[in-house]
Student: 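Pasting a structure below so you can have a look.
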Amino acid sequence: MDFSVKKLASDAGVFFSRAVQFTQENLGQAEKTELDAHFENLLTRADNTKNWTEKILRQTEVLLQPSPSARVEEFLYEKLDRKIPSRVTTAELLGQYMTEAANDFGPSTPYGQTLIKVGETQKHLGTAERDFIHSSSINFLTPLRNFLEGDWKTISKERRILQNRRLDLDACKARLKKAKAAEAKAAALPDFQETRPRNYILSASASALWSDEVDKAEHELRVAQTEFDRQAEVTRLLLEGISSTHVNHLRCLHEFAEAQATYFAQSYQYMVDLQKQLGRFPAPVVGNTDPASPPLSTSPPPATLPVLQVASSNPGEVPLNPVEVPPPVSGTRKARVLYDYEAADSKELSLSADELITVYSLPGLDPDWLIGERGNKKGKVPVTYLELLS
């Protein structure tokens with residue numbers, strides 16, 4: 001019990017001494033031991049690494065999981081050391097709804113067939129997204145969290161200890177300075193003309209007392225300097241380890257970029273395949289398919305694009321290569337390209353977003369396609385990639 005009380009009193013005294021030293025430093029009333037420039041640069045780099053790692057980590061979490069409530073739930077599962085339940089991605093859920101709608105409307109109808117195809121593509125996109133999230137969480141987010149929750153906490157702890165050691169060292173320097181000043185004052189030559197010799201005895205006793213205080217202060221200063229130097233070296237080694245952290249994060253960043261590139265490449269390929277599948281579907285039949293109902297009006301819809309009449313031995317036969325047919329003399333329209341498009345074969349024309357091309361139709365050509373011309377190049381282009389201009 002006595003030992004605990006003494007230790008508590010000693011700790012309180014040390015804390016009070018540090019508080020006084022810290023306050024006097026802020027008020028400019030005490031000297032402060034400055035660290036060398038290299039050490040200060042290491043501290044700055046470590047702080048920047050910590051701050052930017054936190055920002056990158058948080059924003060990557062938002063990228064992978066936009067829902068705040070889902071992120072909170074995952075955080076709680078992680079803190080409770082429990083497995084995070086598997087979630088259906090939004091694309092997978094959309095694909096599921098489209099498939100169910102197709103079964104309800106009729107999978108053999110044009111709309112039902114399209115819903116099934118688009119729904120399957122959405123499911124593939126959701127699976128690719130799930131793989132990307134899983135890979136990024138393991139190869140990118142986990143190393144960043146490990147640094148913040150492991151290495152950085154160790155660095156912060158050692159920096160706090162170094163700060164306390166510095167305060168102790170500066171406090172010892174201040175005590176030694178005061179003791180030496182008092183010793184010099186007490187050691188001033190006494191007045192031997194003094195009629196009362198007791199003053200001389202008191203002066204000599206005070207000088208000896210302050211001499212002992214100086215010796216004690218010098219011993220405490222040597223101990224404090226040794227502890228400060230040892231702690232500074234420990235902290236320096238940890239701060240220099242930030243370079244290894246950067247190398248590790250660089251490798252993780254490469255893996256994240258690779259996973260993201262794979263995800264987007266898969267998504268692009270899925271959408272290209274879907275676009276080709278949709279281009280092969282017959283045009284939807286507008287009207288009532290019930291044979292008991294009277295037929296609707298068969299008046300043709302107004303033409304939106306000029307149709308080039310092509311001479312052929314068999315009426316209605318489409319040329320094998322429609323891009324070899326010359327364009328109509330008049331009546332073509334301009335169109336603005338909405339998205340980039342890569343031609344699948346020599347009969348198609350590659351497109352770049354925002355460019356203007358000339359388009360027209362051919363008899364028997366799939367309604368989802370037009371013939372596009374750009375300079376001396378022409379080929380089939382998908383209608384969904386164009387904005388027809390008046």
Student: Dump the intermediate steps for side-chain hydrogen bond (donor to acceptor under 3.5 Å, both in side chains) on Thr384 and Gln275, then the final yes or no.
Tutor: CA-CA 9 Å; Thr384 53; Gln275 186 65 40; 3.1 Å; yes

Student: Nearest heavy-atom pair of Leu365 and Leu370: which atoms, and what distance?
Tutor: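 Reported closest heavy-atom pair: CD2-CA, 3.9 Å.
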
Student: Closest heavy-atom contact between Gln113 and Pro107?
Tutor: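 Looking at all heavy atoms of both residues, the shortest contact is CG-O, 3.2 Å.
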
Student: Evaluate the side chain to side chain contact (heavy atoms under 4.5 Å, CB included) criterion for residues Tyr385 and Leu338: first the C-alpha distance (whole Å), next the side-chain angles of each, then the deciding distance (0.1 Å), finally the verdict.
Tutor: CA-CA 5 Å; Tyr385 281 65; Leu338 300 177; 5.6 Å; no

Student: Return each pair, listed once, that meets salt bridge (Lys or Arg N to Asp or Glu O under 4.0 Å) where at least one residue sits in residues 350-360; pairs must be two or more places apart or across chains.
Tutor: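 Non-adjacent pairs meeting salt bridge (Lys or Arg N to Asp or Glu O under 4.0 Å): Arg336-Asp354, Glu355-Arg374.
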
Student: Let's go through Tyr270 and Leu274 carefully: what are the C-alpha distance in whole Å and the side-chain angles of both, what is the deciding distance for side chain to side chain contact (heavy atoms under 4.5 Å, CB included) to 0.1 Å, and is it a yes or a no?
Tutor: CA-CA 6 Å; Tyr270 289 142; Leu274 174 63; over 6 Å; no

Student: Going from CD on Glu227 to CG on Leu169, what distance comes out if it is rounded to the nearest 0.5 angstrom?
Tutor: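 Interatomic distance, Glu227 CD to Leu169 CG, rounded to 0.5 Å: 10.0 Å.
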
Student: State, yes or no, whether a side-chain contact exists between Tyr341 and Pro382 at a heavy-atom distance under 4.5 Å.
Tutor: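 A side-chain contact under 4.5 Å exists here.
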
Student: Do Asp273 and Gln277 pair up side chain to side chain, a donor and an acceptor below 3.5 Å, judged on atom types alone?
Tutor: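 Note: Asp273 and Gln277 side chains miss the donor-acceptor criterion.
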
Student: Taking the side chain as every heavy atom from C-beta outward, state whether Asp340 and Leu351 have any pair of such atoms under 4.5 Å apart.
Tutor: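 The answer is no; the side chains never approach within 4.5 Å.
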
Student: Same cluster or not: Leu238 versus Ile161, using hydrophobic residues (I, L, V, M, F, W, Y) connected whenever any side-chain heavy atoms lie under 4.5 Å apart?
Tutor: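 Not linked; separate clusters.
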
Student: Any non-hydrogen side-chain atom of Glu220 less than 4.5 Å from a side-chain atom of Lys216?
Tutor: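 Sidechains of Lys216 and Glu220: in contact.
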
Student: Below 4.5 Å, heavy atoms only, C-beta onward: do Asp366 and Trp369 meet side chain to side chain?
Tutor: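 Yes. Closest side-chain heavy atoms under 4.5 Å.
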
Student: Under a 4.0 Å N-O cut-off, is there an ion pair linking Asp170 with Arg175?
Tutor: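 Here Asp170 does not pair with Arg175 in a salt bridge, since their nearest N and O are not under 4.0 Å apart.
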
Student: To the nearest 0.5 Å, what is the distance between CG on Leu42 and CG on Leu237?
Tutor: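 It comes to 10.0 Å.
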
Student: Spell out, as yes or no, whether a donor-acceptor pair under 3.5 Å connects the side chain of Asp345 to the backbone of Glu348.
Tutor: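 Flag set: sc Asp345 to bb Glu348 pair under 3.5 Å.
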
Student: Hey, could you give me the CG/NZ distance between Leu93 and Lys123, rounded to the nearest 0.5 Å?
Tutor: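 Here the interatomic distance stands at 10.5 Å.
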
Student: Can a salt bridge be assigned to the pair Glu255 and Arg251 using a cut-off of 4.0 Å between side-chain N and carboxylate O?
Tutor: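 Salt bridge present between Glu255 and Arg251.
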
Student: Membership question, hydrophobic clusters at under 4.5 Å side-chain separation (ILVMFWY): are Leu144 and Leu148 in the same one?
Tutor: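 Yes, it is one cluster - the side chains of Leu148 and Leu144 are joined through contacts under 4.5 Å.
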
Student: If you measure from the Lys or Arg side-chain nitrogens to the Asp or Glu carboxylate oxygens, is any gap between Glu158 and Lys153 under 4.0 Å?
Tutor: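 No, this pair does not count.
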
Student: May I ask you to check whether over 12 heavy atoms, not counting those of His219, lie within 6.0 Å of atom NE2?
Tutor: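 Open: at most 12 neighbouring heavy atoms sit under 6.0 Å from NE2 of His219.
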
Student: Are Tyr263 and Val62 linked, directly or through other ILVMFWY residues, by side chains that come within less than 4.5 angstrom of each other?
Tutor: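 Each belongs to a different hydrophobic cluster.
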
Student: Using side-chain heavy atoms (C-beta onward) and a distance below 4.5 Å, is Val359 in contact with Ile371?
Tutor: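 Side chain of Val359 against side chain of Ile371, heavy atoms only: no contact under 4.5 Å found.
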
Student: Following the transitive rule for hydrophobic clusters with a side-chain heavy-atom cut-off under 4.5 Å over Ile, Leu, Val, Met, Phe, Trp and Tyr, establish whether Leu253 and Ile138 coincide in one cluster.
Tutor: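 The answer is no; the residues belong to distinct hydrophobic clusters.
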
Student: Do the side chains of Tyr111 and Met98 join up, straight or via other hydrophobic residues, at under 4.5 Å, putting them in one cluster?
Tutor: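 Per the 4.5 Å side-chain linkage, Tyr111 and Met98 are co-clustered.
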
Student: Describe, in one word, how the ring planes of Phe132 and Phe256 are oriented to each other, choosing from parallel (under 30°), tilted (30 to 60°) and perpendicular (over 60°).
Tutor: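 Phe132 and Phe256: tilted rings.
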
Student: How long is the span from the CZ atom in Arg165 to the CD atom in Gln225, to the nearest 0.5 Å?
Tutor: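 If I round to the nearest 0.5 Å, the distance is 13.0 Å.
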
Student: Between Ala46 and Trp152, what is the shortest heavy-atom contact and its length?
Tutor: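 For Ala46 versus Trp152, the nearest heavy atoms are O-CZ3, 3.4 Å.
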
Student: Under the 3.5 angstrom rule, does the side chain of Thr109 hit a backbone N or O of Gly106 as a donor-acceptor pair?
Tutor: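 Present.
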
Student: Under 6.0 Å between the ring centres of His249 and Phe140?
Tutor: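 No - the distance between ring centres of His249 and Phe140 does not fall below the 6.0 Å cut-off.
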
Student: Any heavy-atom pair between the side chains of Asn48 and Thr44 that's under 4.5 Å?
Tutor: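 SC-SC contact between Thr44 and Asn48 confirmed.
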
Student: One pair to check against salt bridge (charged side-chain N to carboxylate O under 4.0 Å, His left out): Glu54 and Lys50. What are the steps and the verdict?
Tutor: CA-CA 6 Å; Glu54 283 183 335; Lys50 179 257 185 182; 3.4 Å; yes

Student: May I have the step-by-step check of side chain to side chain contact (heavy atoms under 4.5 Å, CB included) for Thr235 and Phe39, ending in yes or no?
Tutor: CA-CA 9 Å; Thr235 308; Phe39 202 101; 3.9 Å; yes

Student: Testing the basics here: between Ala102 and Gly112, what is the closest heavy-atom pair and its distance to 0.1 Å?
Tutor: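 Taking every non-hydrogen atom into account, CB-O, 3.4 Å.
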
Student: Do the non-hydrogen side-chain atoms of Pro143 and Asn248 ever get within less than 4.5 Å of each other?
Tutor: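 In short, these two side chains touch, coming nearer than 4.5 Å.
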
Student: For Lys377 versus Leu349, what's the shortest heavy-atom pair and its separation?
Tutor: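 Nearest pair, atom of Lys377 first, then Leu349: CB-CD1, 4.0 Å.
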
Student: Where do Asp368 and Leu278 come nearest, in terms of heavy atoms and distance?
Tutor: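 In this case the closest contact between Asp368 and Leu278 is OD2-O, 3.4 Å.
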
Student: One pair to check against side chain to side chain contact (heavy atoms under 4.5 Å, CB included): Leu115 and Thr99. What are the steps and the verdict?
Tutor: CA-CA 6 Å; Leu115 280 173; Thr99 302; over 6 Å; no

Student: Before giving the answer on side-chain hydrogen bond (donor to acceptor under 3.5 Å, both in side chains), spell out for Glu92 and Thr89 the whole-Å C-alpha distance, their side-chain angles and the decisive distance to 0.1 Å.
Tutor: CA-CA 5 Å; Glu92 289 176 317; Thr89 63; 3.1 Å; yes

Student: Could you tell me whether the side chain of Thr358 and the main chain of Lys334 form a donor-acceptor pair under 3.5 Å?
Tutor: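 No; zero donor-acceptor contacts below 3.5 Å.
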
Student: Could you tell me the separation between the OG1 atom of Thr142 and the CD atom of Glu149, rounded to the nearest 0.5 Å?
Tutor: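 If we round to the nearest 0.5 Å, Thr142:OG1 and Glu149:CD are 10.0 Å apart.
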
Student: Rounded at 0.5 Å granularity, tell me how far NE2 in His38 sits from CG in Leu43.
Tutor: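 Nearest 0.5 Å value for the NE2-CG distance: 10.0 Å.
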
Student: Answer whether the closest heavy-atom distance between the side chains of Phe147 and Thr49 falls below 4.5 Å.
Tutor: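 SC-SC contact between Phe147 and Thr49 confirmed.
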
